[in-house]
Amino acid sequence: MQQKHDVSQLVEGLAETVGITVRPQWRDGVGAHFEAIASAAAEAATLTLDEAAEPAWHFEA
């Protein structure tokens with residue numbers, strides 16, 4: 001189950017933690033990116049792998 005977070009508090013807290021300034025005109029965009037990341041992470045968390053699956057150490061195109 002995905003928790004809903006206050007994105008504005010998240011942006012402010014993370015900016016303070018890493019010591020950066022997020023300009024007011026950028027906050028909505030930064031928040032939208034955090035929401036997209038959270039959505040992708042929630043989707044990835046639902047995936048299951050077969051027990052026999054192993055990580056691929058080398059990819060070729």
Side-chain angles (χ1 to χ4, degrees):
M1 181 175 171
Q2 184 178 359
Q3 292 179 322
K4 187 65 177 169
H5 298 283
D6 181 350
V7 177
S8 62
Q9 283 184 331
L10 181 64
V11 170
E12 290 302 316
L14 290 172
E16 184 178 320
T17 299
V18 297
I20 62 172
T21 301
V22 178
R23 293 182 182 178
Q25 64 268 30
W26 297 347
R27 287 191 180 125
D28 288 343
V30 172
H33 280 89
F34 282 144
E35 288 175 344
I37 292 166
S39 177
E43 182 72 24
T46 67
L47 301 175
T48 58
L49 295 176
D50 185 287
E51 284 188 30
E54 295 185 18
W57 294 103
H58 181 76
F59 294 96
E60 287 187 29

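Val22 approaches Ala15 most closely through the heavy-atom pair CG2-CB, 3.8 Å.
Thr17 places a side-chain N or O within donor-acceptor distance of the main-chain N or O of Gly13, the cut-off being under 3.5 Å.
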With a 3.5 Å cut-off and sequence neighbours excluded, list the donor-acceptor pairs that the side chains of residues 43-56 form with protein atoms.
residue, atom, partner, partner atom, Å
Thr46, OG1, Glu43, O, 2.6
Asp50, OD1, Ala52, N, 2.7

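When each of Leu10, Val11, Val18 is paired with Leu14, the side chain to side chain contact (heavy atoms under 4.5 Å, CB included) condition holds for Leu10 and for no other.
For the side-chain hydrogen bond (donor to acceptor under 3.5 Å, both in side chains) test, residues two or more places apart in sequence or in another chain that qualify with Glu12 are Arg27. Ala32 is linked by a side-chain contact (heavy atoms from CB on, under 4.5 Å) to nothing, counting only residues two or more places apart in sequence or in another chain.
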